[in-house]
Amino acid sequence: MSSQKPTIPKGTRDFPPTEMVRRNYIFDTIRNVFQVFGYQPIETPAMENLSTLMGKYGDEGDKLLFKILNSGNYLDGIPDAESGMRDAGSRLQHLTKHIAEKGLRYDLTVPFARFVVQHQNELIFPFKRYQIQPVWRADRPQKGRYREFFQCDVDVIGSNSLLYEVELAQIADAIFSKLGIRVMIHINNRKVLAGIAEAIGAPDKLTDITVAMDKLDKTGIDKVNDELIQRGITYESVEKLQPILTLEGKIKDKFKTLTGLFKDSEIGRKGLEEMHTVLQFLKDLGLNNKFDFDITLARGLSYYTGTIMEVKALDVPMGSICGGGRYDDLTGIFGLPGMSGVGISFGADRIYDVMNELTLFPQTIQASTRVLFINFGTEEEKYCLTLLANLRQAGIPSEIYPDAAKIKKQMEYANRKNIPFVILVGKNEIETSLLTFKDMRSGEQKSISFDEIKNLLS
RNA sequence: GUGGUCGUAGCUCAGUUGGUUAGAGCGAUAGAUUGUGGAUCUAUAGGUCGUGGGUUCAAGCCCCAUCUUCCACCCCA
C-alpha cells in the first residue's frame, strides 16, 4: 500500500492550536470593537453565483476568482466549438460560462451589496453590519499574501453622513490601540483625485493617474513620471502635477495648495470640503494613532467615490493591514440605485503576521488546561472523576490523564502542554483526604484539601 | 500572467571535481530513577535525498519536465 503525502493547496494554511488561540484573540478584539460601535453581524455563503462576482473587480479581479466546476455531468451543456472564437482567451471565457456557474467569494463587500438588495425590505437603514469570514483569491502567494485569508469588514449602508467616515477611523484607531500595533491612518478622497486630474487637464485619465501616484512612496517621483507618460498623459499635464507630487508636510499646507489648484474644479472643491470635515472631527476627537491627508493614496478598487482610507503598521514593513472607503452606488448594479455606503476591512492574517513579528501577543491568552489529575489506577481514577467534575463545574479548565501510565510520562504530558498545576491522588491521599498539589513552574508541592485547591485555582 | 528561488530524518541544516554503506544538532522512544516533569548521561528507532524521466560504469550532486516553498513584478488584505 503506497500512502499519499498529505498536502494542502498552494496558498492555504492549517492553523494549529497555538495559532488559533492568537487568531481568536485578534478576531475577538475586532468583534468587540465592532459591537461597541453598534454594528451587527451577518454571514454570507462561501460561494456566490458567478454572475454576482464577475465584472465587479475589473479584468484582473475576474482572473483571480476561484470558479467552481458544476456538479454532475458538467460537459453536457457545452455547445460545439463555435466559429469566431479563434483565440484561446475568448474560448476559455465561453467555456467557463458553461461549466462553472458558482465561484468562491473574492471579498465581503460585493456579497454584502447583494445581501442588502436581496433583503432590503427586512433591513433597517442606515444598516450597520460587520462580517468576519474567509475570502479566496487565485493569486500567487508571497509575503503577507495568501489564497485563502480572512477579512473583517464593517460597513454602513444607506447614509451619506460623513460621521460614518469618522466612526470608521475611530474603529480602526480603537482596534489597533487594543492590539498594541502602532499605525498611521492614511486618508484621502476620490473626489480630490478627480479634481487633480481635472486641474491638470486630464480628467479622463483619473485611473491611470491614481495608479501611478499610488507608487510614489515606493518607487520615487521619477518612476512615477515615467509611468504617467507611458500611460498616455501629456508632458504638460505631468508638469502640472509636479507640485502635488512633491507636496509634503502639514495638512494645512496641503489644503492651501489644493484650494488654489481647484479654483476651476467643482469636484475637487467638494472633495476638499469633505476631507476638511472628516479631518476636523478626528482632530477634535483625538485619536491614539496618527492620521494623515495622503494625496498619493489611491486604492485600486474602482467602486470608491468619496473618502478612501488605508492603515499601515509603523514598525514593520507590510502592505496595508486595513483599508476601505465610501462607495456611492455599490448596490445599483443589483437594482437598488442611490444607496451610499462606507466601510473598511481588516486583514486578520496580516495583522497576525505583524503582531507575531513584533511579539505583541499577551502571554495570558496562551492558557488552556489549568490543572491535570495524575491517573494512579481504577480506584483513584473514580475518586478523581468526582473532583474533576467539581472543578469543571466551577469553570476551571481541567483534565485527567486517560490511563495509569508511568508518573513520569504523565508529568511530561503536563509539562509539554504547559499545564501549570498537577494534582496527585494515590492511596495515601484518599485515606487522609489531603491531596498532593504541585505547581509545575516552581516545582513546589504541598498536601492540602480539595477545597483549598479549588480556592487557589479560582 | 511574467521573472527568479528553494526542496536531504518529525524540525533546523551539513553532504568535497559525480565515486563504496547519506551525516550532525534538536526532537521522539526506552533506560539510568517501581509516587514526580524541566537538567545530565546511555542506548534505540527514524531516509523511495519533492516527484517523473534522461545522461553516466556510477547521480543527493549534471540535464529536462513537473509539483511545492519563498521572493519580486502586476494587482492586492
Side-chain angles (χ1 to χ4, degrees), chain A residues 2-13 26 30 57-65 88-89 92 105-109 132-153 172 207 210-212 214-215 218-219 223 227 298-302 309-313 317-324 343-354 372 374-377 380 401 404-430 435-445 447:
Chain A
S2 74
S3 68
Q4 61 165 342
K5 238 182 205 168
T7 55
I8 53 176
K10 184 199 284 208
T12 64
R13 296 151 300 156
I26 293 173
I30 290 174
Y57 311 103
D59 288 346
E60 282 295 325
D62 282 357
K63 277 188 213 155
L64 297 180
L65 282 171
L92 184 66
R105 72 167 98 79
Y106 178 90
D107 70 359
L108 299 179
T109 309
I132 299 176
Q133 290 190 275
V135 303
W136 295 268
R137 294 183 190 179
D139 209 350
R140 247 195 225 194
Q142 51 180 282
K143 188 180 178 67
R145 185 175 256 200
Y146 308 98
R147 284 184 145 179
E148 179 187 60
F149 60 97
F150 276 74
Q151 288 191 332
C152 314
D153 272 33
T207 312
T210 52
V211 168
D214 196 32
K215 291 170 191 158
K218 235 178 166 178
T219 61
K223 285 257 173 72
E227 184 166 345
R299 288 197 62 76
L301 291 175
S302 43
M309 54 178 111
E310 197 160 282
V311 179
K312 284 185 178 163
M318 174 79 67
S320 70
I321 52 179
C322 170
I344 52 172
S345 177
F346 294 78
D349 304 86
R350 283 191 179 174
I351 292 173
Y352 178 93
D353 289 346
V354 168
L372 172 78
I374 298 292
N375 191 326
F376 278 86
E380 293 91 337
Y401 199 83
K406 284 185 179 150
I407 310 298
K408 178 188 166 103
K409 192 167 181 191
Q410 300 192 42
M411 297 295 273
E412 239 165 36
Y413 174 80
N415 201 40
R416 292 182 55 189
K417 271 191 83 173
N418 262 321
I419 299 175
F421 300 104
V422 158
I423 299 174
L424 296 94
V425 184
K427 295 243 164 5
N428 298 342
E429 281 86 351
I430 294 181
L435 316 185
T436 303
F437 182 65
K438 174 159 182 161
D439 182 328
M440 292 297 278
R441 282 164 302 195
S442 65
E444 286 168 22
Q445 63 183 49
S447 295

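Sequence lines set the chain letters: A, B, ... in the order given, protein chains first and strands last, and positions in each chain run from 1. What you see is a predicted model, and the numbers here were worked out from it, not measured in a lab.
Among rA77(B), rC71(B), rC75(B), the nucleotide with an atom closest to any side-chain atom of K143(A) is rC71(B). In the set rA28(B), rU36(B), rG37(B), the nucleotide with an atom closest to the side chain of R416(A) is rA28(B). Side-chain proximity of E429(A) to the nucleotides rA77(B), rG35(B), rC71(B) is greatest for rG35(B). Checked against rU36(B), rA77(B), rA72(B), the side chain of Y146(A) finds its nearest nucleotide in rA77(B). Closest approach to the Q142(A) side chain among rC74(B), rU36(B), rA77(B) is made by rC74(B) (side chain taken as heavy atoms from C-beta onward). Ranking rC74(B), rA77(B), rG37(B) by closeness to the M411(A) side chain, first place goes to rG37(B). Closest to the E412(A) side chain, of the nucleotides rG38(B), rA72(B), rA77(B), is rG38(B). Of the candidate nucleotides rC75(B), rG37(B), rG35(B), rC75(B) has the atom lying nearest to any side-chain atom of D139(A).
Using a 4.5 Å heavy-atom cutoff, the side chains of Q445(A) and F437(A) are not in contact.
Comparing the P positions of rG15(B) and rC74(B) gives an interatomic distance of 36 Å, to the nearest angstrom. Comparing rG50(B) with rU56(B), their C1' atoms sit 23 Å apart, to the nearest whole Å.
At a threshold of 4.0 angstrom between heavy atoms, the contacts of D349(A) with the nucleic acid are absent. Residue contacts shown for R441(A) include a base, since a base heavy atom lies under 4.0 Å away. V135(A) comes within contact range of no nucleotide atom at all, as no heavy-atom separation falls under 4.0 Å.
One cannot find a donor-acceptor pair under 3.5 Å joining the base of rU36(B) and the side-chain atoms of K408(A). With hydrogens and angles left out, the side chain of E380(A) and the base of rG35(B) share no donor-acceptor pair within 3.5 Å. Interface remark: the R140(A) side chain does form a donor-acceptor pair with the rG3(B) base, using a distance-only criterion of under 3.5 Å.
In this structure, rU20(B) makes no Watson-Crick or G-U wobble pair, since no nucleotide meets both defining distances under 3.5 angstrom.
Dashed line: the shortest gap from a side-chain N or O of K406(A) to OP1 or OP2 of rU33(B) is not under 4.0 Å. For the OP1/OP2 pair of rU68(B) and a distance below 4.0 Å, the side-chain nitrogens and oxygens of K10(A) include at least one atom meeting the criterion. When the side-chain nitrogen and oxygen atoms of Q410(A) are compared with OP1 and OP2 of rG37(B), none of them lie within a distance under 4.0 Å.
Distance check: C322(A) SG to Q151(A) CD gives 10.5 Å after rounding to the nearest 0.5 Å. Between the OG1 atom of T109(A) and the OH atom of Y57(A) there is a distance of 7.0 Å, given to the nearest 0.5 Å.
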**OP:** Could you walk me through whether F421(A) and L372(A) pass the side chain to side chain contact (heavy atoms under 4.5 Å, CB included) test, one step at a time?
**Re:** CA-CA 6 Å; F421(A) 300 104; L372(A) 172 78; over 6 Å; no

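Stacking between F376(A) and rG35(B) is absent: the ring centroid is not both under 5.5 Å from the six-membered base ring centre and under 30° in plane angle.
With a 6.0 Å cutoff to the six-membered ring centre and a 45° limit on the axis angle, R137(A) does not count as a cation-pi contact of Y146(A).
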